[in-house]
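These notes are about the structure you will find just below.
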Amino acid sequence: TQRSLSVAWLFKLSGLIIIFLSSAGFGFYNSYKLKMREKKLRGIICSMTELRERVRTGAGEIGEIIEKSFGKTASLSRDGARLDCEWLTKGDAEVLKEFFTDIGMSDAEAECERTELYITLMQKQCNDAEKKCGELCRLYGTLGVLGGLFICVFFL
């Protein structure tokens, strides 16, 4: 009876640990998603700036320029643009798809102006991501830990 009681507490303790870690992990994962979105948007802005400069200098065909500027994030094929939208919101992805839809359809000067416009749009998205990250990253982590503690205490 004493042994079965200690085994029951062992199972209960392991269950509580799993619940706590799951809750805390969920909070930290949401915080991580916000940080990664901000980082990805900053990289896209840098790539767009690089693309604009390469178009301005006439550094090659548009497909080559995109691959040099964006690397693995984006490429242009016959089927259209392929975009890596991991960590981005639907709004971010839509702005990017819109940018790549008509890329290369105008002369260099107009393409530079168009790219500048989309850099401005992406900068707004990045500022929004930075603001959300500043407001919510610590909150998500704290809520995950405190939520896990609350559930554990509730089940004790």
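The first residue in the sequence is number 1, and the count goes up from there.
- By the ring-ring contact (aromatic ring centres under 6.0 Å, His included) test, Phe99 is found to be paired with Tyr118, residues two or more places apart in sequence or in another chain being considered.
- Looking at residues two or more places apart in sequence or on another chain, you find no ring-ring contact (aromatic ring centres under 6.0 Å, His included) involving Phe20.
- Distance CZ/Arg37 to SG/Cys126: 8.5 Å, rounded to 0.5 Å.
- Remark: the backbone N or O of Ser69 is paired with a side-chain donor or acceptor of Ser47 at under 3.5 angstrom.
- Taking each heavy atom of Val55 and Cys112 in turn, the nearest pair found is CG1-SG, 4.0 Å.
- Note: Asp92 CG to Asp128 CG = 8.0 Å, rounded to the nearest 0.5 Å.
- Under the rule for a ring-ring contact (aromatic ring centres under 6.0 Å, His included), Tyr29 has no partner lying at least two apart in sequence or in another chain.
- One distance of note links CG of Leu121 with CG of Leu96; it measures 10.5 Å at 0.5 Å rounding.
- For the pair Ala129 and Leu41, the tightest heavy-atom approach, listed with the atom from each and the gap, is CB-CD1, 3.9 Å.
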Go through it in stages, so that I can follow the logic: the residues are Leu88 and Ile44, the test is side-chain contact (heavy atoms from CB on, under 4.5 Å), and I'd like the CA-CA distance, side-chain angles, deciding distance and then a yes or no. CA-CA 11 Å; Leu88 298 178; Ile44 289 170; 3.9 Å; yes
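- No single ILVMFWY cluster, assembled from side-chain heavy atoms under 4.5 Å apart, contains both Tyr140 and Ile19.
- Here CD of Gln123 is found 10.5 Å from CD of Gln125. Values are rounded to the nearest 0.5 Å.
- Within the structure, the salt bridge (charged side-chain N to carboxylate O under 4.0 Å, His left out) test picks out no pair touching residues 60-75 (sequence neighbours left out).
- The closest side-chain heavy-atom distance from Arg82 to Phe100 is not below 4.5 Å.
- By the neighbour-count criterion of 12 heavy atoms within 6.0 Å, atom CZ of Arg138 is sparsely surrounded, having that number or fewer from other residues, nucleotides or ligands.
- Every residue meeting the side-chain contact (heavy atoms from CB on, under 4.5 Å) condition with Glu116, not counting sequence neighbours, appears here in chain and number order: Arg52, Ile119, Thr120.
- Looking only at side-chain heavy atoms (C-beta outward), Lys40 and Asp84 come within less than 4.5 Å of each other.
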Evaluate Ser31 against Lys35 for side-chain contact (heavy atoms from CB on, under 4.5 Å), listing each step before the verdict. CA-CA 6 Å; Ser31 175; Lys35 290 176 187 176; 3.8 Å; yes
One pair to check against side-chain contact (heavy atoms from CB on, under 4.5 Å): Glu50 and Ile65. What are the steps and the verdict? CA-CA 9 Å; Glu50 192 174 320; Ile65 293 173; over 6 Å; no
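- Trp87 and Phe28 are assigned to two separate hydrophobic clusters, defined by single-linkage of ILVMFWY side chains at heavy-atom distances under 4.5 Å.
- Not counting sequence neighbours, Thr49 has no partner by the side chain to side chain donor-acceptor pair (under 3.5 Å) test.
- Leu136 has its side chain within reach of Leu34: a pair of non-hydrogen atoms, C-beta onward, lies under 4.5 Å apart.
- Aromatic ring centres of Phe150 and Phe155 lie farther apart than the 6.0 Å criterion allows.
- Salt bridge present: Glu130 and Arg42 bring a charged side-chain N and a carboxylate O closer than 4.0 Å.
- Note that NZ of Lys97 is 7.0 Å distant from CG of Leu83, once rounded to the nearest 0.5 Å.
- Of all non-hydrogen atoms in Gly147 and Ser23, the two that sit nearest each other are C-OG, 3.7 Å.
- In the hydrophobic clustering of ILVMFWY residues, with side-chain heavy atoms under 4.5 Å counting as a link, Phe154 and Leu16 come out together.
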Would Glu38 and Lys132 count as a side-chain contact (heavy atoms from CB on, under 4.5 Å) here? Give the steps. CA-CA 9 Å; Glu38 180 187 2; Lys132 282 185 179 179; over 6 Å; no
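- Here the side chains of Leu117 and Arg114 are not in contact, with every heavy-atom distance at 4.5 Å or above.
- Two different hydrophobic clusters hold Leu139 and Phe26 under the rule that ILVMFWY side chains link at heavy-atom gaps under 4.5 Å.
- The local environment of CD in Glu109 is sparse, with at most 12 non-hydrogen atoms from other residues, nucleotides or ligands closer than 6.0 Å.
- In terms of modelled atom types and a separation under 3.5 Å, the side chain of Asn30 and the main chain of Gly27 share no donor-acceptor contact.
- Taken to the nearest 0.5 Å, the SG atom of Cys46 stands 10.5 Å off from the CZ atom of Phe70.
- In this structure, Val145 is not a member of the same hydrophobic cluster as Tyr32, with clusters built from ILVMFWY side-chain heavy atoms closer than 4.5 Å.
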